[in-house]
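The structure under discussion appears below in the form of structure tokens.
Note that the coordinates shown come from a computational prediction; the quantities given were computed from them, not determined experimentally. Numbering of ligands and ligand atoms starts at 1, following listing order.
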Amino acid sequence: MPLFLLSSPLSLHILTQIRNKDTDQINFRKGLVRLGRLIGYEIANTMDYEIIEVETPLGVKTKGVRIYDLENVIIINILRAATPLVEGLLKAFPAARQGVVTARRKEFEGKEPPKEMEVEIFYEKIPKIRKGIDNVIISDPMVATSSTMLKVLEKVAKEEPKRIYIASVIASEYGVKRILELYPQVYFFTISIDPELNNKGYIVPGLGDAGDRSFG
Ligand code: URA
């Protein structure tokens, strides 16, 4: 169960800023971009590499590292909330091909936190996933019930990529458990696992609605 919880003071500092209700739209978005970059670098550290030799301008050969999987990355942007996170991920994976999925959670208000949200996917465009070669990063800052993520995972997993990554900022305990039970092979990156969902399916303490806070 590869669950990666970023715990560097810098990632926690930025997370704390964007959790703060007084952080405005511009700084909220900037924070997500910065976190996308940090998560991207952590993801890159799990990718396959080889030892190569290069010649420096001094005419001397030296050994080094080439992460060849940097060339085999597809990033899927779950619109619209993931857009700033993807901007940051692209700093770590400039050669990535990109897909988009437009999903809408049907608004819900119950007595209890929902176990499942009704999700409508009304547009998707994902580049061809090469079986056993591509590393697919599915990006969504908030993984609550995981209903959206599971829909996207189903599409991606059946193409049998080399690895599937989730790049998120806050996930609920319930959402993480649900995903890793069904897809134990997924590399799940997040910065915080928050304990609860409220009766509308929002993560608590969370940071509110990531799409609204980024874009108004
Ligand atoms: N999506 C959000 O933007 N926030 C949540 O808390 C849950 C889902």
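No donor-acceptor pair under 3.5 Å is formed between the side chain of Asn72 and the backbone N or O of Asn135.
Hydrophobic cluster membership for Ile52: Val54 (Ile, Leu, Val, Met, Phe, Trp, Tyr linked by side-chain heavy atoms under 4.5 Å, directly or transitively).
Each of Arg105, Met142, Ala144, Gly201, Tyr202, Ile203, Gly208, Asp209, Ala210 has a non-hydrogen atom positioned under 4.0 Å from some atom of ligand 1.
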Check your understanding: Can you list the steps and then say if Thr145 with Arg105 is a side-chain hydrogen bond (donor to acceptor under 3.5 Å, both in side chains)?
Key -> CA-CA 11 Å; Thr145 57; Arg105 297 197 317 169; 5.1 Å; no
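Across all non-hydrogen atoms, the minimal contact from Asn27 to Ile18 is O-CG2, 4.3 Å.
You'll find the side chain of Glu124 stays beyond 4.5 Å of the side chain of Ile76, heavy atoms only.
Taking the centre and axis of the six-membered ring of Phe189, the NZ or CZ atom of Arg163 falls outside the cone set by 45° and 6.0 Å.
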